[in-house]
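Here the structure is laid out as C-alpha cells; the discussion comes afterwards.
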Amino acid sequence: MSTESPPTGEPLLIVEDLDVEYRAKRSRTPFRAVEGANLQIRPGETLGLVGESGSGKTTIGRAILGLAPVSKGRIVFAGADISHANRRARQALSRDLQVVFQDPYSSLNPSMTVGDILAEPLATAGTDRRRARARVAELLDQVGLPADTASRLPREFSGGQRQRVAIARALALDPRLIVCDEPVSALDLSTQARILDLLLRIQLETGVSYLFVSHDLDVVRHISHRVAVIYRGRIVEQGDADQVTENPEHPYTRRLLMASPVIDPDRQAERRRARRALAPTATATATTTTTN
Ligand SMILES: Nc1ncnc2c1ncn2[C@@H]1O[C@H](COP(=O)(O)OP(=O)(O)O)[C@@H](O)[C@H]1O
Ligand SMILES: [Mg+2]
C-alpha cells in the first residue's frame, strides 16, 4: 500500500461497462478484447490492473488514452465523458492524462537530448523557454537525476534512468492521472523497486493518480491501493489491494498469486507446490517465467 489511508472523494476516472473491439483481419466479427469492464480511480489513488499477457490490460489503458476504440460503455474523466473525444479534446486532455510505457528504450526519441525531450510538452503547452528550462531542472530533480542529464542523449543512460526520464516527461504538465503500462517490467528487480518507490513518492508529493498495469501481482501489491484482476478481457475480481493480493476470492487470482516471481527461493518453492495443488493441469505452462 502506498499510503496509510486510502484516498476518498469523487472518482477522477470512471470506466463504465466498457467494451473494446478490434477489427479482425480475416473475419467480419470483431475481436472483443475487453468486455463489460468497470473501474474507478480517485484522486491520489493507485488502481493496479493485473492479469496475464493478452488479457486486455494494455487495451483498457489505451481506451482511456483514446488509442483504442470504445465500442460500448463509457469513460468519464474529471466529470466529462471522453469515450469518443476528438483530437482537439484529446490534445487538451493530454495535460491531465499521461502515460508511461514499458519499454524505456523505444519510448524516448534517441536523437533528442533529455532536456529537449522534457521541454517538448512544455513548449506545446506554450511555456516560454526560460520557464521551460527551470521546469526541466525541477523535473530532473524530482525523479532523482542529476542536472547535467539535460544535455545528454537517452542512449547514455541505463533502463532505470531512462524510465526516470519517461516519468519526468509524463509529469511535465502536472497531470492528474498517469497510465503506467508495465513501467518496471523491463527492469531488473532492484531497479524495479527503486522506480516503484519513486512513483510512490511522486504520488505523495503531487497527489497524482495511477492506473498501474502489470502482469506481476507482487509489483501491483507494492504500489496499489486497490487492485482489479482481468482475465480474458473481463474483470474477475476487484477490491482493496491487501485483500485481493493476499486473500483472493477468484481462482484465477489465486493462480496468478502463485505464479508471481518472488526473490526468496523458499517462498518460491512453497508457491510452486501450492500452485500445483491448486491447478494440477496448468503447472506445465505456468512455471515461473520471470519476464523482467
Ligand atoms: N490492435 C490490435 N488489433 C487486434 N487485436 C489486438 C490489438 N491489440 C491487442 N489485441 C489483442 O487483444 C488482446 C488483449 O491485448 P492487450 O490489451 O495487449 O493485453 P495485455 O496488455 O494484457 O497483454 C490480445 O488477444 C491481443 O492479441
Ligand atoms: Mg500489455
Side-chain angles (χ1 to χ4, degrees), residues 1-3 12-13 39 41 44-65 67-68 94 96-109 114 117-118 121 139-140 142-145 149 154 157-230 241 245 256 260-261 290-292:
M1 284 269 296
S2 58
T3 53
L12 175 64
L13 180 86
L39 302 170
I41 306 180
E45 183 177 54
T46 301
L47 176 70
L49 179 60
V50 68
E52 67 195 343
S53 175
S55 56
K57 307 181 296 295
T58 292
T59 298
I60 289 184
R62 288 173 61 85
I64 293 166
L65 296 162
L67 303 170
S94 70
D96 286 333
L97 195 49
Q98 277 294 323
V99 61
V100 174
F101 293 107
Q102 168 170 354
D103 186 1
Y105 292 88
S106 62
S107 66
L108 304 176
N109 186 333
V114 167
I117 288 170
L118 298 184
L139 288 165
L140 289 174
Q142 196 172 13
V143 299
L145 290 171
T149 305
F157 298 96
S158 68
Q161 287 168 322
R162 288 183 205 212
Q163 208 53 311
R164 286 174 192 266
V165 174
I167 291 166
R169 181 180 54 186
L171 288 171
L173 297 173
D174 266 321
R176 298 169 76 178
L177 174 69
I178 304 179
V179 174
C180 303
D181 191 347
E182 307 262 9
V184 300
S185 302
L187 308 174
D188 64 76
L189 282 178
S190 62
T191 310
Q192 284 194 7
R194 282 200 294 275
I195 296 293
L196 290 176
D197 285 346
L198 174 68
L199 289 170
L200 288 173
R201 186 166 55 71
I202 286 167
Q203 184 171 63
L204 287 174
E205 285 167 6
T206 66
V208 69
S209 306
Y210 299 129
L211 174 66
F212 191 96
V213 166
S214 175
H215 66 280
D216 184 340
L217 202 58
D218 266 353
V219 166
V220 161
R221 174 190 9 231
H222 185 75
I223 194 150
S224 308
H225 297 98
R226 286 185 307 111
V227 170
V229 182
I230 183 168
T245 61
L256 208 59
S260 71
T290 313
T291 50
N292 50 9

Query raised in the report: Judged by atom type as modelled, is there a donor-acceptor pair below 3.5 Å linking the side chain of Q102 to the main-chain atoms of P183?
Result: no
Report summary line: In V99, T206, V100, the residue satisfying side-chain contact (heavy atoms from CB on, under 4.5 Å) with I178 is V100
Query raised in the report: Are the side chains of F157 and V114 in touch, meaning some heavy atoms are under 4.5 Å apart?
Result: yes
Report task. For P104 and A186, work out which heavy atoms get closest and say how close. Result -> CD-CB, 4.4 Å
Report task. Quick one: pull up CD1 in I41 and CD1 in I64 and give me the separation to the nearest 0.5 Å. Result -> 6.0 Å
Query raised in the report: CD1/I223 to SG/C180 distance, rounded to the nearest 0.5 angstrom?
Result: 7.0 Å
Query raised in the report: Closest approach of N109 and I117, non-hydrogen atoms and distance?
Result: O-CD1, 3.7 Å
Query raised in the report: Between the main-chain N or O of L199 and the side-chain N or O of Y210, is there a donor-acceptor pair closer than 3.5 Å?
Result: yes
Query raised in the report: Roughly how far, to the nearest 0.5 Å, is the CG atom of L177 from the CG atom of L47?
Result: 10.0 Å
Requested in this report: To the nearest 0.5 angstrom, please state how far the CD1 atom of I167 sits from the CG atom of L198.
Outcome: 5.0 Å
Query raised in the report: Tell me, which pairs form a side chain to side chain donor-acceptor pair (under 3.5 Å) where one or both residues lie in residues 160-180, sequence neighbours left out?
Result: S158-Q161
Query raised in the report: Which heavy atom in L211 sits nearest to a heavy atom in G61, and how many Å separate them?
Result: CD2-CA, 4.3 Å
Report task. Check P175 against L97 and note the closest heavy-atom contact, atom names and distance. Result -> CB-N, 4.4 Å
Query raised in the report: Quick one: does L118's side chain get under 4.5 Å of V165's, heavy atoms only?
Result: yes
Query - Least distance between heavy atoms, G159 atom then Y105 atom - result: N-OH, 3.1 Å
Report task. Determine whether H222 and L200 make a side-chain contact, defined as any pair of heavy atoms from C-beta on separated by less than 4.5 Å. Result -> yes
Report task. Please check if the side chain of Q98 supplies one atom and the backbone of L171 the other of a donor-acceptor pair under 3.5 Å. Result -> no
Query raised in the report: Which residue pairs pass the side chain to side chain donor-acceptor pair (under 3.5 Å) test when at least one of the two sits in residues 50-63, sequence neighbours left out?
Result: Y22-T59, T58-D181
Report task. Assess whether side chain to side chain contact (heavy atoms under 4.5 Å, CB included) is satisfied between R194 and D197, documenting all intermediate values. Result -> CA-CA 5 Å; R194 282 200 294 275; D197 285 346; 5.7 Å; no
**Report entry** side-chain hydrogen bond (donor to acceptor under 3.5 Å, both in side chains) involving R201 - partner list, sequence neighbours excluded
**Finding:** E205
Query raised in the report: At their closest point, which heavy atom of E182 faces which heavy atom of H215, and how far apart are they?
Result: OE1-ND1, 2.9 Å
Query raised in the report: Can you tell me how far the CG atom of L196 sits from the OG1 atom of T46, to the nearest 0.5 Å?
Result: 10.5 Å
Query raised in the report: Has the side chain of S209 got a donor or acceptor atom that lies under 3.5 Å from a matching backbone atom of G44?
Result: yes
Query raised in the report: Is it true that R221 and D218 have a side-chain N and a carboxylate O under 4.0 angstrom from each other?
Result: yes
Report summary line: The reported gap from CG in L173 to CG in L139 (rounded to nearest 0.5 angstrom) is 9.0 Å
